[in-house]
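For reference, the structure discussed in these notes is given below.
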Amino acid sequence: MNQQQQSILLKSSSRFPLPPGVKFSYGTSGFRAEASLLESTVFRVGILAALRSIQTGSVIGLMITASHNEVSDNGIKVADPSGGMLTQRWEPFADAFANAPNHHSLVQLLDDFVKKENITLEGAPAAEVLLGRDTRPSGMSLVEAAKQGILSIIGASATDMGVVTTPQLHWMVRVKNKGIEASECLLGYIPQGNSNNYMNDKLIVDGADGVGGQKLEKLKSRLSYLTIDVRNYGDGVLNEGVGADYVQKEKVVPRGFGPADAGIRCASLDGDADRLVYFSVVPNSNKIDLVDGDKILSLFALFIKEQLGILYGPEDGKLNKSYQASLGVVQTAYANGASTDYLKQLGVEVVLTPTGVKYMHEKAAEFDIGIYFEANGHGTILFSNNFLSWLEIRNNELLSISKGSNQHNAVLRLLAVSKLINQAVGDTLSGLLLVEAILQHLGWSIHKWNELYQDLPSRQLKVKVVDRTAVVTENAETVVVRPVGIQESIDAETAKYPRGRCFIRPSGTEDVVRVYAEALTQEAADNLAHSVVMLVDKYLGFSSR
Ligand SMILES: CC(=O)N[C@H]1[C@@H](OP(=O)(O)O)O[C@H](CO)[C@@H](O)[C@@H]1O
Ligand SMILES: [Mg+2]
């Protein structure tokens with residue numbers, strides 16, 4: 001690093017001192033903290049993004065959001081050139097860099113890192129970083145801090161995209177780097193009038209009082225196939241008694257919903273619009289029937305499987321079947337056991353990964369069609385380039401030899417899904433449009449969809465312990481290897497419950513250990529979870545911090 005670059009960095013970083021007594025960690029999904037603590041982190045991540053842009057010769061994204069967390073929190077995550085999450089290889093540097101105690105150590109770390117990664121700063125190489133933020137009031141000043149970071153690397157430029165959803169920003173990065181065309185509407189490819197057992201035509205969406213609600217309110221008038229009533233699109237407090245996280249965890253109606261909505265198809269998104277769950281209000285109560293990420297995954301898997309069945313099935317639309325597409329679904333240990341059983345029965349390969357989109361996305365990309373979803377509604381569908389190119393060629397052939405045949409329609413539907421769905425990252429709005437299109441195609445109500453299988457009762461608890469990093473897991477977080485002995489105790493407890501399943505893991509976004517239990521009855525799941533909380537105390541010690 002030359003003198004000029006060093007002195008720019010020293011000067012700019014001295015304006016963003018590290019707050020005392022805080023330790024930052026890149027975590028499951030970027031850095032998150034109380035917003036007033038984040039300026040130095042965001043500034044430093046701006047520098048990191050510029051370096052990543054130089055190294056990859058591509059546009060990089062920075063999103064300022066704390067998703068479903070309370071409005072006073074904020075956070076920052078990096079989108080890599082593909083539009084996916086920052087390469088995990090860079091996470092240790094991100095952690096060290098965010099915690100560098102002063103501007104001299106910061107410049108030293110940077111100098112070592114650029115040497116190790118062969119990043120050339122000489123000659124002012126071009127770098128471009130796109131910035132986005134959600135609706136949090138702290139977002140604007142944090143975007144400024146990020147810009148200062150980016151601009152302190154000579155040759156780097158920052159483009160502010162304003163208030164956008166997280167998946168929009170990831171998508172913009174992907175489009176810029178790959179030059180992809182805009183989406184088409186899948187509904188156009190789906191034969192209409194398949195209306196036995198027809199679904200309610202109205203959809204009510206809880207916008208979490210965040211950016212996704214605002215965007216959907218604007219988008220809805222352009223969706224001629226759908227009537228959408230958007231609630232909570234910005235008047236109330238972000239994520240307070242609203243949003244996908246609240247709905248999924250509490251299993252009660254969000255603010256603005258009530259008994260009058262009973263039976264109607266409803267959906268809820270989170271604060272930055274990368275999670276989606278559906279629900280229907282139980283008559284005469286504030287309870288809901290939840291249709292979670294596992295059921296969205298199951299619906300998508302069912303639909304894709306149906307299309308592949310038509311493509312490769314006995315009916316002859318003269319399709320050249322030279323390519324056998326692999327289909328796989330990816331879940332985490334939080335997936336309801338009943339969903340995993342259902343998917344296996346459907347005949348699709350099911351793979352488990354640790355919690356977090358970064359792990360799931362990577363695994364899903366190994367299939368020609370890889371579908372991943374967390375139970376909480378984070379997920380998408382990925383298509384391999386080989387399979388898409390093959391579909392494009394088949395489409396052209398069938399256009400001339402059997403246009404409108406079932407096989408041709410199946411090809412068109414798969415191509416349309418690949419264009420509608422956001423392949424950069426899970427995206428509430430495109431996910432919602434795909435769910436709506438599939439329900440319409442099948443002629444299904446939300447109730448019919450919900451009956452695909454019945455969830456096993458489950459309970460999720462969180463425990464504050466003295467040191468959550470003392471918990472080390474293996475096998476996609478289903479087995480605890482440290483502290484030694486706790487897994488045997490959990491197994492012994494779980495064995496007392498028919499269909500019992502239980503695991504613990506340290507959270508990557510909060511200072512807690514999470515406990516998940518599932519069993520045949522709600523009471524059994526609750527009891528199992530509570531007894532494992534006691535084991536956590538025995539082995540790790542509760543903390544009252
Ligand atoms: C049990 C649970 O819901 N965990 C969430 C939560 O991660 P934790 O590492 O469990 O704190 O936040 C992640 C980021 O939003 C999300 O990907 C994940 O599913
Ligand atoms: Mg989110």
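Order of listing sets the numbers, starting from 1, for every ligand and every atom in it.
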Got a salt bridge between K295 and D289, using NZ or NE/NH1/NH2 to carboxylate O under 4.0 Å?
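No, K295 and D289 are not salt-bridged.
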
With a 4.0 Å heavy-atom cut-off (strictly under), which part of [X] contacts ligand 1: side chain, backbone, both or neither?
{"X": "T509", "value": "both"}
{"X": "R275", "value": "side chain"}
{"X": "Y334", "value": "side chain"}

How close do F24 and P19 get, counting heavy atoms only, and between which atoms?
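Smallest heavy-atom distance, with atoms named: CZ-CG, 4.2 Å.
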
K462, R514, H378, E374: member with heavy atom nearest to atom 10 (O) of ligand 1:
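Looking at heavy atoms only, R514 sits closest to atom 10 (O) of ligand 1.
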
Ignoring angles and geometry beyond distance, decide whether [X] reaches within less than 3.5 Å of ligand 1 through its nitrogen or oxygen atoms.
{"X": "Q460", "result": "no"}
{"X": "S29", "result": "no"}
{"X": "V357", "result": "no"}

Give the intermediate values and the outcome of side chain to side chain contact (heavy atoms under 4.5 Å, CB included) for residues L540 and V463.
CA-CA 10 Å; L540 290 142; V463 196; over 6 Å; no

Verdict with supporting geometry, L434 and I381, side chain to side chain contact (heavy atoms under 4.5 Å, CB included):
CA-CA 11 Å; L434 183 56; I381 310 179; 3.7 Å; yes

Measuring from the Mg ion (ligand 2), name the closest N, O or S atom belonging to D270.
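Answer by atom name: OD2.
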
Closest to the Mg ion (ligand 2), which N/O/S atom of D274 is it?
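Relative to the Mg ion (ligand 2), the closest nitrogen, oxygen or sulfur of D274 carries the name OD1.
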
Just verifying a value: how many Å separate Q331 CD and M360 CE, rounded to the nearest 0.5 Å?
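That separation rounds to 7.0 Å.
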
